[in-house]
Chemist: 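This is the structure I want to talk about, given as structure tokens.
Chain naming here is simple, since letters A, B, ... match the order of the sequence lines and numbering starts at 1 in each.
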Amino acid sequence: MSVNAAIAERFSQIADMLELTGADAFRINAMRRAARAVEGLAQDLASLAADRKSLLAIQGVGARVADKIQEFVQHGSMAEHLALLEQVPPGLLRLLQIPGLGPKTVRMLWTERGITDLDGLKRIIADGSILSLPRMGAKTVENLKAAIAFQESNSSRLHLGVAMPVAHGVVDAMCAVRGVTRCTYAGSLRRGAETIGDIDVLIETGETETAREAFCTLPGVERVLVRGENKCSVRMRLAQEGNRWGADEADGRSVQVDLRLVEPGAWGAALMYFTGSKEHNVRMRERALKRGMTLSEHGLFPLDQDESPPHSRGVRPVAGATEEEVFGALGLPWIPPEVREDRGEMSLTRTPSLIESGQVRAELHAHTTASDGLLSLDQLIGHAKSRGFHTIAVTDHSRSSFQANGLSPERLRQQIRDVRQAQGRFAGIRVLAGSEVDILADGALDYDDELLAELDIVVASPHAALGQDSAQATARLVRAIGHPATRILGHPTGRLVSRRKGLEPDMGAVFQAARAQGVALEINAHWLRLDLRDTHVRGAVEAGCLIAIDCDVHDPADFNNLEFGVLTARRGWLPPEQCVNTWEAPRLHAWLRDRRVEVTP
DNA sequence: CCGCTCCGGCGGCTAAGGCAGAAGCCTTA
């Protein structure tokens with residue numbers, strides 16, 4: 001585990017444990033913010049910690065948190081963390097993960113009955129003794145049992161690419177329901193987060209009961225969790241969908257879908273509220289208060305003496321119909337959903353220019369049947385052309401990836417000739433002869449320089465030895481970037497979202513090398529990779545690196561993953577001009593020929 | 001515990017739903 005991840009984990013555990021001991025809520029919140037700040041940091045704290053000033057410059061890191069970071073970097077532990085571990089049984093942290101079970105209740109179970117882990121909880125449920133505890137009625141215990149069972153059969157969050165089709169299905173179905181005038185999804189899905197906890201859907205309708213009924217009986221609904229006036233929640237089965245990676249992804253799993261009925265005139269406020277993030281929303285409400293207003297999902301209202309919610313008293317909102325209106329009334333430009341993470345977006349004075357899918361004109365990482373792709377050379381070119389791309393790069397695996405049928409030098413030479421011939425059969429699209437070349441464990445590339453020099457494009461990617469330590473990983477990637485043939489660093493860390501950690505290099509060093517060499521860093525758009533991840537993109541953009549967004553095409557459907565790569569890019573504040581895939585053909589091709597051009601992002 | 005603003009002290013988001021227990025707590029988003 002990287003130092004950053006280790007520190008973030010400790011802050012988060014400190015927060016949980018403080019919560020269980022009933023500590024000051026603001027201190028707990030500060031720990032959570034610190035965990036988030038550290039998690040999203042591109043620089044390596046091991047090297048940053050020496051400079052206290054730069055630690056304090058991080059939003060959410062004050063004197064005490066900086067102390068703890070320095071303490072961990074020097075000693076490998078934090079005294080407060082260790083002290084709390086002595087005090088709080090570790091099994092309790094697991095109980096907090098159970099949906100519906102919060103800190104107050106876990107604490108109550110612990111102090112009243114000495115429950116310290118999941119087994120203990122199951123025991124008092126089984127023998128019924130839990131029912132004698134305060135606030136523990138039959139219904140609550142039933143729900144608790146279901147929550148435990150659910151959690152044990154489902155790993156918690158869904159991949160972006162798995163959740164998205166479900167959301168589109170629900171939205172399409174609800175749009176067709178009588179009386180519905182508007183329907184869309186919000187939440188972390190709209191922000192393009194790499195994993196999704198649940199799916200939020202908003203509707204505006206003149207026939208609320210029809211909509212509630214339609215929603216609760218949608219195909220795939222297993223269980224209705226909540227059926228209130230303004231909110232319904234269901235658990236929905238995931239449809240099976242064959243996929244290169246995801247065959248088992250949907251197996252027997254389900255996802256919670258929340259439907260919110262939005263009153264007329266509050267659409268913008270509701271959309272903002274349910275899009276989040278939570279942290280962004282908190283900032284927005286604080287900002288409203290500073291300006292003498294109060295913000296909720298019902299709108300932006302003038303502040304008055306009355307404690308009760310203003311919308312319930314018929315107070316006229318200052319804004320609420322559209323997001324633009326609400327942001328505007330708070331002195332902000334419209335902020336794209338993907339950057340609503342409380343990572344500096346509140347200081348924007350204009351809507352930032354972020355890349356859009358339609359601006360992508362080239363696919364620079366694609367496989368054919370020559371290695372492990374499903375498309376023939378001509379099929380691949382045909383699909384790329386129909387997508388409107390001006391360039392398609394053929395980049396099959398190199399020889400070390402034998403599991404992927406990597407090409408021997410002879411086969412690669414033959415493929416280069418095949419590509420040249422294929423080019424003759426297609427007009428209006430440039431076909432590049434390339435390779436996705438393995439970066440070996442020591443940072444060397446997988447073909448000799450002579451052969452590499454014959455290629456139009458080299459995507460250098462790590463595939464094996466992904467467990468090596470941070471220093472080795474950094475040296476490996478920096479060396480690969482320094483090879484004169486490398487144009488793109490493919491899926492730089494090799495991580496798989498919530499499956500495999502991948503390399504944990506000092507990303508700051510990687511960015512510097514890439515910037516100096518004019519090498520583009522890839523955002524691999526497959527929803528299981530999303531590598532670079534959002535926070536890395538942000539760091540790379542700020543460091544002035546070029547970025548490539550690639551679908552790593554293996555089958556035709558993979559072209560559709562572009563959407564996820566672009567969402568990730570936008571979460572990293574990527575402007576279109578810094579992404580090589582948006583460049584017109586002459587500029588892109590010149591960049592590919594001219595290995596050491598000066599980069600002006 | 002942080003940030004703001006002033007160097008010590010203060011304030012720090014909002015609403016709905018469910019349940020248990022008869023007004024309010026807890027959780028979630």
Chemist: Rounding to the closest angstrom, what is the interatomic distance between B/dA22 and B/dA29 at atom C1'?
Modeler: 27 Å
Chemist: How long is the line joining CG of A/Asn29 and P of B/dC1, in whole Å?
Modeler: 13 Å
Chemist: Could you give the distance separating B/dA20 and B/dT27 at their C1' atoms, to the nearest angstrom?
Modeler: 14 Å
Chemist: Does a donor on one side chain sit under 3.5 Å from an acceptor on the other, for A/Glu204 and A/Trp267?
Modeler: no
Chemist: Specify the separation, in whole Å, of atom CE of A/Met108 and atom C1' of B/dC26.
Modeler: 10 Å
Chemist: Determine which pairs satisfy ring pair (Phe, Tyr, Trp, His ring centres under 6.0 Å) with at least one residue from residues 71-128 of chain A, sequence neighbours left out, and list them in order.
Modeler: none
Chemist: With no hydrogens and no angle check, just 3.5 Å: does a side-chain donor-acceptor pair link A/Arg107 and A/Thr111?
Modeler: no
Chemist: Rounded to whole Å, please give me the gap between NZ in A/Lys104 and P in B/dG24.
Modeler: 16 Å
Chemist: Side chains of A/Ser132 and A/Arg113: donor-acceptor distance under 3.5 Å anywhere?
Modeler: yes
Chemist: For residues A/Arg235 and A/Ser254, is any side-chain donor paired with an opposing acceptor at under 3.5 Å?
Modeler: yes
Chemist: In whole angstrom, give the distance that lies between atom CZ of A/Arg32 and atom P of B/dT28.
Modeler: 11 Å
Chemist: Parallel, tilted or perpendicular for A/His159 and A/Trp527, by the 30°/60° rule?
Modeler: tilted
Chemist: Does either side chain, that of A/Ser308 or that of A/Arg313, offer a donor lying less than 3.5 Å from an acceptor on the other one?
Modeler: yes
Chemist: Could you tell me whether the side chains of A/Thr568 and A/Asp534 share a donor-acceptor contact shorter than 3.5 Å?
Modeler: no
Chemist: Provide the distance between the two C1' atoms, one in B/dA15 and one in B/dC10, to the nearest whole Å.
Modeler: 26 Å
Chemist: How many whole angstroms separate atom CZ of A/Arg283 from atom P of B/dC4?
Modeler: 9 Å
Chemist: Assess the side chains of A/Gln256 and A/Asp258: does a donor N or O sit below 3.5 Å from an acceptor N or O?
Modeler: yes
Chemist: Distance check, C1' atoms only: B/dG11 and B/dG17, in whole angstrom units.
Modeler: 29 Å
Chemist: To the nearest Å, give me how far apart CZ (A/Arg287) and P (B/dG11) are.
Modeler: 22 Å
Chemist: In whole angstrom, give me the gap between the P atoms of B/dG21 and B/dC26.
Modeler: 12 Å
Chemist: For nucleotides 6-8 of chain B, print each protein N/O atom paired with a nucleotide N/O atom at under 3.5 Å, atom names and distance only.
Modeler:
none

Chemist: Starting at CG of A/Leu271 and ending at C1' of B/dA29, how long is that distance when rounded to a whole Å?
Modeler: 15 Å
Chemist: Closest-nucleotide mapping onto DNA chain B: is A/Arg33 or A/Val106 further toward the 5' terminus? I mean the 5' end.
Modeler: A/Arg33
Chemist: A/Arg64 side chain: which of B/dC2, B/dA29, B/dG12 is closest?
Modeler: B/dC2
Chemist: Nearest whole Å is fine: how far is B/dG12 P from A/Ile28 CD1?
Modeler: 18 Å
Chemist: If we take the P atom in both B/dC7 and B/dC1, what is their distance in whole Å?
Modeler: 23 Å
Chemist: Can you find a side-chain donor-acceptor pair between A/His298 and A/Glu263 that sits under 3.5 Å?
Modeler: yes
Chemist: Could you identify the nucleotide paired to B/dA23, looking across every strand shown and requiring Watson-Crick or G-U wobble geometry with both distances under 3.5 Å?
Modeler: none
Chemist: In whole Å, measure the gap between the C1' atoms of B/dG12 and B/dA16 for me.
Modeler: 23 Å
Chemist: What's the gap between B/dA23 and B/dC19 when it is taken at their C1' atoms, as a whole Å value?
Modeler: 13 Å
Chemist: For nucleotides 14-20 of chain B, tabulate all protein N/O to nucleotide N/O atom pairs closer than 3.5 Å, reporting atom names and distance.
Modeler:
unit_1	atom_1	unit_2	atom_2	d
B/dT14	OP1	A/Thr294	OG1	2.9
B/dA15	O3'	A/His298	NE2	3.3
B/dA16	OP1	A/His298	NE2	3.1
B/dA16	OP1	A/His311	NE2	3.2
B/dG17	OP1	A/Asn230	N	3.1
B/dG18	OP1	A/Arg227	N	3.3
B/dC19	OP1	A/Asn143	ND2	3.0
B/dC19	O3'	A/Thr140	OG1	2.6
B/dA20	OP1	A/Gly137	N	2.7
B/dA20	OP1	A/Gly137	O	3.2
B/dA20	OP1	A/Thr140	N	3.3
B/dA20	OP1	A/Thr140	OG1	2.9

Chemist: For a quick check of understanding: with a heavy-atom distance under 4.0 Å over all strands, which category does A/Met284 fall into, base, sugar-phosphate or nothing?
Modeler: nothing
